[in-house]
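Below you'll find the structure, written out as structure tokens, and then a few comments.
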2 protein chains.
Amino acid sequence: MDAPVTVLDRLLEISDLFQRDLAREFAGSSLTPARTRVLWDLVHSGPSTQHALATRLEVSPRNITGLVDALEASGYVRREPHPDDRRAVLVSLTASAAELMHEMQRDHAELSDTLLGAVAPADRDAFLRGVGAVADRLRDLVEAAEAGRSAARAGVDR
Amino acid sequence: MDAPVTVLDRLLEISDLFQRDLAREFAGSSLTPARTRVLWDLVHSGPSTQHALATRLEVSPRNITGLVDALEASGYVRREPHPDDRRAVLVSLTASAAELMHEMQRDHAELSDTLLGAVAPADRDAFLRGVGAVADRLRDLVEAAEAGRSAARAGVDR
DNA sequence: CCATATCGTGATGATACTTCACTATCACCC
DNA sequence: GGGTGATAGTGAAGTATCATCACGATATGG
């Protein structure tokens, strides 16, 4: 009865392996998972204020300050004054960082294909539907749990 | 052309959601992800030396010292002298921690079932095969990458 | 019995986060 | 205009998880 391997175990192993691969990829460079996340977001969202980054990445604005400091020092991003708001700064990727991120995006897609290629062709459609269904269900569960807590706390106020 | 959602994205989202759920679960208690990992390992492996823990969890022995310190202070584990080796200590779960871990194991299995329940019955077998295949493939890839690096470094010596 | 490896830990430091306090600015409203 | 209150970013201080290096205590194998 000790520890049958569940689907969840497998899914967690996958993400663990991926993270390890990412860490290995950037060993030696000044890029770290958290800093890479910032770059990744900037590719998708374009030049952003630090506040916007903090909101999208769900971390404190103070934390973004430190991450951008490091990325700026290593030449991955630039801080420019916001044209309409003198309080804010716009963080944007440097050309070389943009190039790097496109490479990473290609690698990411390629890895995704490789992994899908490991699935028997006859299973692929069902597999994709299954992954989507699990992600959706889990998202709902987490959302409900978090809303529950918020509601409990907000309950006193309302 | 900007960012089609890949399988890999979905898999990473799943693990991200799960981690967030775990963190929420233990908010307020003295348990943290890293400390929980130690407890989880002890359930599977039984009383262990800190060195064994460090090896299995792939972290430095020094780090284990700190994690066990915290777990011991909170009453989750006990440190006992190793019967055959006066250098080593045996770390074992307290009764209440063992109980807690069994609960967690039940919850984990239950969540796994719930997630699998979100997959259409006709897709389930293919989905399970697919998840296994992807995990296997990724494990091979990471292993090869790490072996490559080790080989490169060991190459000078041999 | 001595050289060497192993087990744990103190010291020190990096990264990734937090909250709190504070400044500079913006936006609104009378 | 001149407050007034929200917002953008950052300094200060603290926590958790990791790493490396040095060191003492012990085991082990000639």
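Just so it is clear: chains get the letters A, B, ... in the order the sequence lines come, proteins before strands, and each one is counted from 1. In what follows, every heavy atom counts, from backbone to side chain, and hydrogens, waters and symmetry copies are set aside. Computed from a predicted model, the values in this text were never measured in an experiment.
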Exercise. Do nucleotides 19-30 of chain D as a string where each nucleotide becomes B, S or -: B if the base has a protein heavy atom under 4.0 Å, S if just the sugar-phosphate does, - if no protein is that close.
Key: SB----BBS---

What is the separation between atom [atom1] on [X] and atom [atom2] on [N], rounded to the nearest whole Å?
X	N	atom1	atom2	value
A/Leu67	C/dA14	CG	P	16 Å
A/His51	C/dA24	NE2	C1'	15 Å
A/Leu90	D/dG9	CG	P	9 Å
B/Asp69	D/dA16	CG	P	12 Å
A/His82	D/dG9	NE2	C1'	13 Å

Quiz item: Which part of the nucleic acid does A/Ile64 contact within heavy-atom distance under 4.0 Å: base, sugar-phosphate only, or nothing?
Solution: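 The residue A/Ile64 makes no contact with any strand.
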
Quiz item: With sugar-phosphate meaning primed atoms plus P, OP1 and OP2, does B/Arg37 contact a base, only sugar-phosphate, or nothing at under 4.0 Å between heavy atoms?
Solution: nothing

Self-check item: Sidechain-backbone polar pair: B/Ser48 side chain, B/Gly46 backbone, donor-acceptor under 3.5 Å
Solution: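 It does hold such a pair.
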
Quiz item: Can any side-chain N or O of B/Asp9 pair as donor or acceptor with the backbone N or O of B/Thr6 at less than 3.5 Å?
Solution: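 Pair found, side chain donor or acceptor close to backbone of B/Thr6.
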
Could you work out which one of [options] sits closest to the side chain of [X]?
X	options	value
A/Gln50	C/dG8, D/dG9, D/dC18	D/dG9
B/Arg79	C/dG8, C/dT9, D/dG9	C/dT9
A/Val89	C/dG8, D/dG9, D/dA16	D/dG9

May I ask you to test the [X]-[Y] pair for a side-chain heavy-atom distance under 4.5 Å?
X	Y	result
B/Ser74	B/Arg35	no
A/Arg56	A/His44	no
B/Leu8	A/Leu111	yes

Self-check item: OP1 or OP2 of D/dT10 under 4.0 Å from side-chain N/O of A/Thr65
Solution: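 Yes, within the criterion.
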
Quiz prompt | B/Asp136/B/Arg139 salt bridge by N-O under 4.0 Å criterion | solution =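 A salt bridge is present here (some side-chain N lies under 4.0 Å from a carboxylate O).
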
